[in-house]
There are 2 protein chains.
Amino acid sequence: MEKNQKKIIQSDENCPVRKSLSLLGGKWTLLILFQINERKIRYGELKGCIPGISEKVLIQKLNHLIENKLVAKKSYPEIPPRVEYRLTKIGLKTLPVIENLTIFGLENLD
Amino acid sequence: MEKNQKKIIQSDENCPVRKSLSLLGGKWTLLILFQINERKIRYGELKGCIPGISEKVLIQKLNHLIENKLVAKKSYPEIPPRVEYRLTKIGLKTLPVIENLTIFGLENLD
DNA sequence: AATATATCTAACCTTTATGTAAGTACCTTA
DNA sequence: TAAGGTACTTACATAAAGGTTAGATATATT
């Protein structure tokens, strides 16, 4: 068991823990994914249910998640604009991870 | 609306996801916990199986984990010094979380 | 003409995280 | 006397993340 462990870590590229963390590990990302959850949600509404986040960071994180195919975006050609976000199939797979972290936090951290 | 609500939701104190992330979310923390795993391990050995980490960061993270009771440390009064680290009961509970992240990374990220 | 609306975009700054390199302590062995 | 082993510790520098403020857009409404 010990030898395999060493192999997993060697670089950022081939370490799945690092890859996951670099995508999901920021201050807001998991909260965004959790809020989107299984619904379609507009930008403004999403912003409204994540108090404290700045527009810059919200857009930045959404774009990053879109690039990595965890979130899909649909823009409607209207004025004022309307944009809907939803989780992709992959994005939906983060929900159990979030649940695990929630339980860990609730049960073990002060 | 803002002051009370903002404070409550924005702080790590009241959000279990944020609490978990602020403890586990850095670049090296989960790798350290995974390497310690179910064994006792000396500082130098641990360092040896996490290539690329600096001594400063390793010590810093270990101390942080000790403060938060995920890791326990035992020093032997010898020269040269000998120190052993192991996961506490709580620390062991991070192993499934790490496994989940690993699987997510392997299955879903390039 | 001014205002409202929703979704961004940019410039700038502060805070936090991580990296680098050198040094410390103490005893043992050569 | 010097070198070596182990586990740190410190000072300093850089990089990454996040926060603040202002503004761009394009149309409908007043």
Side-chain angles (χ1 to χ4, degrees), chain A residues 9 11-12 15 17-32 35-36 40-68 71-86, chain B residues 2-3 6-7 9-12 15 17-33 35-36 40-68 71-86:
Chain A
I9 302 183
S11 83
D12 284 30
C15 175
V17 173
R18 287 242 194 107
K19 265 190 299 186
S20 297
L21 276 181
S22 81
L23 180 54
L24 305 176
K27 180 171 173 182
W28 299 104
T29 305
L30 290 182
L31 298 182
I32 294 169
Q35 287 302 324
I36 300 177
K40 286 186 278 188
I41 187 170
R42 294 184 63 178
Y43 171 79
E45 192 186 353
L46 187 51
K47 186 182 135 197
C49 58
I50 307 176
I53 198 170
S54 69
E55 298 195 334
K56 186 194 103 175
V57 170
L58 179 51
I59 288 289
Q60 202 171 272
K61 293 300 177 185
L62 283 169
N63 287 334
H64 194 219
L65 291 168
I66 290 164
E67 278 170 27
N68 287 276
V71 168
K73 169 180 174 174
K74 180 164 189 190
S75 297
Y76 295 83
E78 300 173 358
I79 294 294
R82 179 159 64 105
V83 179
E84 281 176 354
Y85 294 93
R86 64 176 176 79
Chain B
E2 286 37 69
K3 269 182 187 156
K6 214 168 175 180
K7 201 165 195 178
I9 300 176
Q10 228 180 328
S11 73
D12 293 8
C15 173
V17 172
R18 291 263 282 270
K19 263 192 300 188
S20 298
L21 277 180
S22 81
L23 180 54
L24 305 175
K27 179 170 175 182
W28 299 103
T29 305
L30 291 182
L31 298 181
I32 294 168
L33 292 169
Q35 287 301 322
I36 300 176
K40 286 186 279 189
I41 186 169
R42 295 184 62 178
Y43 171 79
E45 191 187 352
L46 187 52
K47 187 182 133 195
C49 57
I50 306 178
I53 197 169
S54 69
E55 298 196 334
K56 187 195 101 174
V57 170
L58 178 52
I59 289 287
Q60 201 172 273
K61 293 299 177 187
L62 283 170
N63 287 335
H64 194 220
L65 290 169
I66 290 164
E67 279 169 26
N68 286 276
V71 167
K73 169 181 174 173
K74 181 165 187 186
S75 296
Y76 295 84
E78 301 172 1
I79 296 293
R82 179 159 64 104
V83 179
E84 281 176 353
Y85 294 94
R86 64 173 176 79

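Keep in mind that what you see is a predicted model, and the values were worked out from it rather than measured. Numbered from 1 within each chain, the chains take letters A, B, ... in sequence-line order.
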Spacing of A/Ile41 atom CD1 and A/Glu84 atom CD [to the nearest 0.5 Å]: 10.0 Å
Sequence-aligned protein contact record of nucleotides 5-20 of chain C, with B where the base is within under 4.0 Å of a protein heavy atom and S where only the sugar-phosphate is: BBBB--B------BBB
Audit row: A/Leu24, A/Asn68, side chain to side chain contact (heavy atoms under 4.5 Å, CB included) steps and yes/no: CA-CA 11 Å; A/Leu24 305 176; A/Asn68 287 276; over 6 Å; no
Shortest non-hydrogen contact from B/Leu46 toward B/Gln35: CD1-CB, 3.8 Å
Residue pair B/Leu31, B/Ile53: steps toward the side chain to side chain contact (heavy atoms under 4.5 Å, CB included) verdict: CA-CA 10 Å; B/Leu31 298 181; B/Ile53 197 169; over 6 Å; no
Test log, rule side chain to side chain contact (heavy atoms under 4.5 Å, CB included), inputs B/Leu23 and B/Thr29: CA-CA 8 Å; B/Leu23 180 54; B/Thr29 305; 5.9 Å; no
Derivation of the side chain to side chain contact (heavy atoms under 4.5 Å, CB included) call for A/Asn63 and A/Val71: CA-CA 8 Å; A/Asn63 287 334; A/Val71 168; over 6 Å; no
Spacing between B/Ile66 atom CD1 and D/dA7 atom P, to the nearest angstrom: 13 Å
A/Ile32 CD1 to A/Ile50 CD1 distance, which is reported to the nearest 0.5 Å: 5.0 Å
Estimated bend of the helix from C/dA1-D/dT30 to C/dA30-D/dT1 (axis per five terminal pairs, rounded to 10 degrees): 30°
Closest non-hydrogen atom pair, A/Leu21 against B/Gly26: CD1-O, 3.4 Å
